[in-house]
Each structure stands twice: as structure tokens, then as C-alpha cells.
Amino acid sequence: MRKIVISSGLLILLFLGAFKATAATEEVDRYDIPAENLLMNTFAGEYVTFTYGGALASDANQIGLVFAGAEVAAAIPGFKAKTQGYIGPVDASPSVVVERVPDKSNFQSALVTNVQRATTSDKLTRYGQTNFFWDVGSRGMFDLLDEEGDWKRNDMLPPACMISETQDGGEYHTCLFSIRRNGFEYSFWLHGENLEYAELFVDFVRAKLDHWKMN
């Protein structure tokens with residue numbers, strides 16, 4: 001298993017904001033990652049984790065990244081650089097944790113658990129321009145499923161979404177995606193306006209890592 005390693009001096013460099021950060025895997029794959037794209041913390045709370053600097057465990061194999069909405073929108077036609085927030089439009093700023101698939105992954109067990117937990121309804125509606133469907137009568141949280149109210153993919157967990165209230169009494173949605181592709185797992189949140197671009201966002205992140213690779 002490859003491990004992502006970050007130098008112990010990284011934390012100081014990030015606070016100074018004057019240098020780029022260099023990350024490397026155990027097999028000497030090195031990446032020159034701009035400091036502004038390296039995630040110091042995560043908005044996903046208990047769902048995804050990120051460690052950095054001297055606190056990085058010896059068996060760690062993940063790294064957190066964040067991107068400005070405009071940067072993603074420039075690369076993905078249709079992606080909204082600003083999305084609805086509590087007081088109005090805010091920068092989309094999608095963050096992602098990229099993890100090399102570990103030898104002992106809980107992805108499949110999580111897949112089974114999430115499918116069993118997923119809310120079901122005979123009144124599912126397509127979510128915007130996506131291929132996902134949801135129960136528009138949901139309150140608080142909802143799951144994105146296929147048209148039959150089921151889930152057949154084995155490379156993506158059913159996205160779990162939160163409903164939040166705006167200042168003027170409206171609502172907006174944010175959804176957690178976990179996608180496995182080519183030996184990596186990508187965990188990230190997207191706002192409702194950008195859900196149709198989830199897999200293009202994974203392509204974007206992978207392209208960024210390839211661009212940052214130093215060897």
C-alpha cells in the first residue's frame with residue numbers, strides 16, 4: 001500500500017503562506033502542491049478526516065485538497081463558482097479527501113450499510129439535471145438513489161444530503177460523495193447546484209494531482 005507523507009515542516013509553511021507544500025508517497029511519488037490547495041481542516045466533520053504535518057501517522061494514506069469555485073468552474077463547463085448559502089451566494093470552494101485504497105478498506109461494508117439505510121419512497125423525483133432521484137418530501141436529510149429507489153453502483157456510495165435553511169426561509173442542499181476510481185477513493189461535498197458534476201470533479205482532482213506530480 002502506498003502512503004502519503006508530508007514533511008514535518010509543512011504546518012509552518014502553510015501558516016506563512018509563502019511556499020508550496022510537497023507531499024510524497026512511500027514509493028517516492030512526489031507532488032508539488034500549492035499551499036492554497038492544501039486543506040488545513042475539513043468541512044465534512046466526522047465523515048472524512050485529514051492529518052498533516054508532524055501529526056501525520058506513519059500509516060496515513062490520504063490528503064485533503066480545496067479549490068476555489070472559480071478554478072473548478074473554469075475547468076468544468078456549467079459548474080457554478082458560487083452556490084446558495086445561508087445569507088446568499090457563497091464561493092463553492094469544494095474540498096476533497098483523496099485516499100489510496102487501503103489493503104483493508106471498509107468501502108464495501110459502508111456501501112451495503114448505506115444502501116440498507118437509504119430512504120425509500122414511491123414518489124421519487126429526478127434531482128435537477130442529474131441521474132439521481134430523491135424524495136422531495138424529505139426533511140433534514142435525504143439520499144440520492146436511482147430511478148427505482150435502489151442503488152446498483154459498486155464504485156460510489158449513495159450520496160447522503162443535508163437540507164439547510166437560508167436566512168429568508170428557503171433551503172439549500174449539500175451532498176457527501178464517496179467515489180472509488182483507479183485505486184483511489186475521493187470523498188467530498190458538493191452543493192445542490194453542482195451535483196451533476198460530481199464525477200467530472202473527480203476527473204478535475206485527478207488531473208490536478210497528475211499536474212503536480214514531480215516525477
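Counting begins at 1 with the first residue of the sequence. A quick note: this is a predicted structure, and the numbers were derived from the prediction, not measured.
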Interatomic spacing from CG in Asp91 to CD in Glu71 - rounded to 0.5 Å
10.5 Å

From Gln84 atom CD to Glu193 atom CD, the distance as rounded to the nearest 0.5 Å
7.0 Å

Note: Leu145 and Pro158 closest approach over all heavy atoms is CD2-CB, 4.4 Å

Please tell me whether Tyr172 and Tyr86 form a close aromatic pair, meaning their ring centres lie under 6.0 Å apart.
no

Start with the C-alpha gap between Ile63 and Val97, add the side-chain angles, then the distance that decides, and say whether side chain to side chain contact (heavy atoms under 4.5 Å, CB included) holds.
CA-CA 6 Å; Ile63 191 167; Val97 169; over 6 Å; no

Which residue pairs pass the disulfide (SG to SG under 2.5 Å) test with at least one member in residues 172-206, sequence neighbours excluded?
Cys161-Cys175

Can the positive tip of Arg206 be found less than 6.0 Å from the middle of the six-membered ring of Phe184, inside 45° of the ring normal?
yes

Basic-acidic side-chain contact under 4.0 Å: Asp203, Arg181
yes

Under the rule for salt bridge (charged side-chain N to carboxylate O under 4.0 Å, His left out), what residues qualify as partners of Arg153, not counting sequence neighbours?
Asp155, Glu199

Where is the tightest heavy-atom contact between Phe79 and Ala92, given as atom of each residue plus distance?
CE2-CB, 4.1 Å

If you count every heavy atom of other residues, nucleotides or ligands that lies below 6.0 Å from Asn131 atom CG, does the total exceed 12?
no

If you group Ile, Leu, Val, Met, Phe, Trp and Tyr by side-chain heavy-atom gaps below 4.5 Å, do Ile163 and Tyr127 land in one group?
yes

Is the backbone N or O of Met156 less than 3.5 Å from a side-chain atom of Trp151, with the two atoms forming a donor-acceptor pair by type?
yes

Salt-bridge test for Glu99 and Arg180: reply yes if a basic N is under 4.0 Å from a carboxylate O, no otherwise.
no

What distance separates Lys213 NZ from Ile33 CD1, expressed to the nearest 0.5 Å?
12.5 Å

Asp146 side chain near Lys152 side chain, heavy-atom distance below 4.5 Å
yes

Can you confirm whether or not the ring centre of Phe188 sits under 6.0 Å from the ring centre of Phe177?
yes

In this structure, would Val90 and Val72 fall into the same cluster of hydrophobic residues linked by side-chain contacts under 4.5 Å?
no

Side chain to side chain contact (heavy atoms under 4.5 Å, CB included) between Leu190 and Thr174, worked out:
CA-CA 6 Å; Leu190 287 181; Thr174 50; over 6 Å; no

Between atom CD1 of Ile179 and atom OH of Tyr186, what is the distance when rounded to the nearest 0.5 Å?
9.5 Å

Counting N and O atoms only, with roles assigned by atom type, does the side chain of Lys80 sit under 3.5 Å from a partner on the main chain of Gly78, one being a donor and the other an acceptor?
yes

Just checking Asn182: does its CG atom have more than 12 heavy atoms from other residues, nucleotides or ligands closer to it than 6.0 angstrom?
no

Quick one: pull up CD in Glu196 and OG1 in Thr130 and give me the separation to the nearest 0.5 Å.
7.5 Å

When you look at Phe142 and His173, which way does the side chain to side chain contact (heavy atoms under 4.5 Å, CB included) test go after all the steps?
CA-CA 10 Å; Phe142 62 91; His173 305 156; 3.8 Å; yes

Run Asn37 and Val66 through side chain to side chain contact (heavy atoms under 4.5 Å, CB included) and show every step you take.
CA-CA 5 Å; Asn37 291 119; Val66 64; 5.6 Å; no

Kindly compute the distance separating CZ (Phe204) from CD1 (Ile76), expressed to the nearest 0.5 Å.
6.5 Å

What class does the angle between the rings of Phe67 and Phe201 fall in, given that below 30° is parallel, 30 to 60° is tilted and above 60° is perpendicular?
perpendicular

